[in-house]
Amino acid sequence: MTQPAFFTHEVLNQSPPFEDVNLFALDETLRAAVAANGGAAAADELSEFGKHWGSAAMAERGRRANENTPKLRTFDARGNRRDEVEFHPAYHELMAHSTHAGVHNSTWTEAGKPAGNAAEVVRAAKFYMAAQVETGHLCPITMTRASVAALAVQPDLLAKVMPVIATRSYDPGFAPWWTKRGMTLGMGMTEKQGGTDVRSNMTRALRDGDAYRVTGHKWFMSAPMCDAFLVLAQADGGLTCFFMPRFAPDGSVNAIQFQRLKDKLGNRSNASSEVEFAGAYATPIGEEGKGIRTIIQMVQLTRQDCAIASAGLMRSGLAHALHHARHRSVFQKRLADQPLMQAVLSDMALHVEASAALVMRLCRSFDRAGDDAGEAAYMRLLTPAIKYWVCKNAPAFLFEAMECLGGNGYVEEGILARHYRESPVNAIWEGSGNVMCLDVLRALAREPDAAAAVLADLAAATKGLPGTAEAVALIAHAFRRPDVERSARLAVERLALLAAAAALNPVSPHHAELFAATRLAELHAGMYGAVELTAADIKGLLERALP
Ligand SMILES: Cc1cc2nc3c(=O)[nH]c(=O)nc-3n(C[C@H](O)[C@H](O)[C@H](O)COP(=O)(O)OP(=O)(O)OC[C@H]3O[C@@H](n4cnc5c(N)ncnc54)[C@H](O)[C@@H]3O)c2cc1C
């Protein structure tokens, strides 16, 4: 479209918008990682998804949903409680598009069993692409799909809700879930006095016939317009997981009272509430006292999605930076041809190569865990390590991507400012950094033989790559130290780097070698672009990152 000219000057040397692109077809790294992990047959479906989500129309929905943030309507004009959150239509459209593509349920059969084949990998590719456009709405999407793993503990309840979860319809109506065409689910664990330490939960659940009445609060409960929440509360038998619907079985609005919405750094299209339960109706999921064991089934899956989303955000940062550098000239030379910019972008491309390969490899372990003990052990040991490494890298990465666009990167019309503000949350929620490291230690302590086998497999898969033998020795030593918590960050980071090299090897052996050489054989410098790569490697990485 031709823009009207200015009277004072011409607009020159600006990059065109990076829109109306196919986020799958354009992403050789993603395509290779999906294929290497069993998802090749879904290439057409993913290309369709990538074309749709890469459109200017979807980018516009993302912008609008974040600029017009949700509003809490606590009361009506007459003082009656409403407890409704209003979202901009663009948010609902994003929800509908993700739901239509099954991002909220495609890893489950209609009966709520794991779908098998490469369902996790294929869905992850969609999640990775959707995260490049709008991440806030993915919060209820991820929680809905993850909730099924916890609901499986209570088969009679799962059998009732699964037909509504299993549809590909998005139904935003405020109505009882059993009357709706589709439903979403959230979770409430964190209280004021403790988020990591959920054992300190004070919310009480008292038996009331076949159900319970829950009284207390949650300090963070996101996506408050979900149709039901999985909530932790103290019952007589200890901390228990409950299914708390927005409407009680008699059709009345349940006593879930929102106090206010958080004013957040990022993730602004998504509402995160502070909430009180004033004797709210709920039914148990699993036995009293087994609440953590139950809800952790859900949390394992949301952690996986945190890593996928962070990898997607970094991919988007890289693509926008590279696109800009190819269109912007400085001192009569395109940025993309300036040696120092090439050094920065190629190092970032290598990071994205490894992150994408790693999250797809993780998803393969989720696909296969049911039939393969080795994959199950990989999943348990590496989910927290990968969440830790991928998510905690994202803010610094996105800052660098933003800087590649100079001042344009910092302003809100572009997507990078939003990505940057979004990026820390994936590291904070669903278990913050230290908690992830402690989780790796817990997996090691619980299943030392299985964990040793995973490490041996990683050693075999990276044999001959620079620095990997030393990394294996360091990890094994660090995890044996009596003061193991002190060295947990070092060991967990190395474990994730090793797993990344192993995941990248079947996808692109040469890049696995470069990754190991620059991240394991030597310590990576504090900034991107401070590694030694040949001119041919730089060219290869950049062409692959954005043809
Ligand atoms: C935008 C947003 C939305 C959220 N939505 C939800 C939601 O929908 N439902 C929900 O239940 N929660 C939600 N949360 C809460 C989130 O999961 C918690 O904030 C998070 O788990 C950390 O808990 P906390 O805030 O109580 O911090 P704390 O538990 O106090 O942790 C503070 C720090 O201490 C570290 N730490 C903890 N234990 C140890 C230890 N033993 N050794 C060393 N370091 C340790 C942690 O890694 C962290 O860095 C949300 C949070 C945010 C920011």
Side-chain angles (χ1 to χ4, degrees), residues 66 69-70 85 135-147 150 184-203 214 216-233 239 241-242 244 246 256 258-277 291-292 294-296 298-303 305-306 309-310 384-385 387-389 391-392 394-395 418 421-442 445 483-490 492:
N66 281 276
T69 51
V85 179
T135 31
H137 85 285
L138 291 176
C139 176
I141 294 286
T142 185
M143 290 195 293
T144 302
R145 98 87 188 197
S147 67
T184 51
L185 290 99
M187 67 173 144
M189 297 184 289
T190 307
E191 297 185 2
K192 288 175 185 165
Q193 72 286 351
T196 303
D197 185 8
V198 289
R199 282 192 174 78
S200 70
N201 271 194
M202 301 188 299
T203 296
V214 177
H217 82 283
K218 294 294 163 186
W219 181 226
F220 282 91
M221 196 168 84
S222 287
M225 287 308 282
C226 282
D227 298 290
F229 301 90
L230 272 57
V231 166
L232 289 181
L239 196 62
C241 184
F242 289 93
M244 184 184 284
R246 284 303 303 276
I256 300 174
F258 300 117
Q259 304 303 301
R260 59 174 177 170
L261 300 183
K262 299 286 189 188
D263 184 7
K264 296 176 287 185
L265 170 68
N267 194 252
R268 296 183 72 84
S269 67
N270 178 37
S272 298
S273 71
E274 295 166 14
V275 62
E276 289 186 26
F277 309 132
I292 295 178
T294 301
I295 207 142
I296 206 74
M298 176 172 182
V299 172
Q300 176 87 338
L301 294 179
T302 53
R303 285 177 179 170
D305 278 355
C306 288
S310 285
K387 180 189 184 278
Y388 173 75
W389 183 72
C391 297
K392 285 190 76 71
R418 169 146 54 90
R421 283 187 284 98
E422 176 73 18
S423 58
V425 80
N426 283 324
I428 291 174
W429 62 14
E430 309 305 316
S432 315
N434 286 354
V435 177
M436 291 300 88
C437 293
L438 295 173
D439 241 50
V440 173
L441 299 186
R442 210 164 295 130
D483 57 347
V484 60
E485 281 194 24
R486 286 263 170 78
S487 55
R489 278 199 173 212
L490 176 64
V492 170

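As the structure lists them, so they are numbered: ligands from 1, and atoms in each ligand from 1. As the structure is a computational prediction, the values presented were derived from the model and not from experiment.
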- Item | Quiz item: cation-pi between Lys262 and Phe220, 6.0 Å / 45° | yes
- Message: In the structure I gave you, are the side-chain heavy atoms of Thr135 and Ser269 within less than 4.5 Å of one another anywhere?
- Response: no
- Considering only protein heavy atoms, which is closest to atom 13 (C) of ligand 1, and at what distance to one decimal place? Phe220 CB, 3.3 Å
- Are any of the N/O atoms in Gly195 less than 3.5 Å from those in ligand 1? yes
- Message: Looking at non-hydrogen atoms alone, which of Ser432, Gly266, Pro424 comes nearest to atom 46 (C) of ligand 1?
- Response: Ser432
- Item | Presence of salt bridge, Lys218 and Glu191, under 4.0 angstrom | yes
- Side-chain heavy-atom pair Asp439, Arg303 within 4.5 angstrom cut-off: yes
- Could you check if a side-chain atom of Val492 sits within less than 4.5 angstrom of a side-chain atom of Trp389, using non-hydrogen atoms only? no
- Message: Checking the N or O distance criterion of under 3.5 Å, is ligand 1 in contact with Ser222?
- Response: yes
- Side chain, backbone, both or neither: which part of Met189 has a heavy atom under 4.0 Å from ligand 1? both
- If we number the atoms of ligand 1 from 1 as shown, the ones under 4.0 Å from a heavy atom of Glu430 are 17 (O)
- Message: Quiz question: by atom type and distance under 3.5 Å, do the side chains of Arg489 and Asn434 form a donor-acceptor pair?
- Response: yes
- Provide, to 0.1 Å, the distance between atom 30 (O) of ligand 1 and the closest protein heavy atom, together with that atom's residue and name. Thr196 OG1, 4.8 Å
- Message: Side chain or backbone, does Ser272 bring an N or O within less than 3.5 Å of an N or O on ligand 1?
- Response: no
- Item | ligand 1 contact on Val425 by region, counting heavy-atom pairs under 4.0 Å | side chain
- Message: Nearest non-hydrogen contact with atom 20 (C) of ligand 1 belongs to which option: Asp197, Leu438, Ile428?
- Response: Ile428
- Message: What I want to know is whether Lys264 and ligand 1 share at least one N or O pair that is separated by under 3.5 angstrom.
- Response: no
- Message: Is it true that Lys264 and Ser272 share a donor-acceptor pair across their side chains at a distance under 3.5 Å?
- Response: yes
- Purely on distance, is any nitrogen or oxygen of Asn434 under 3.5 Å from one on ligand 1? yes
- Query: Is there a nitrogen or oxygen of Met187 sitting under 3.5 Å from a nitrogen or oxygen of ligand 1?
  - Reply: yes
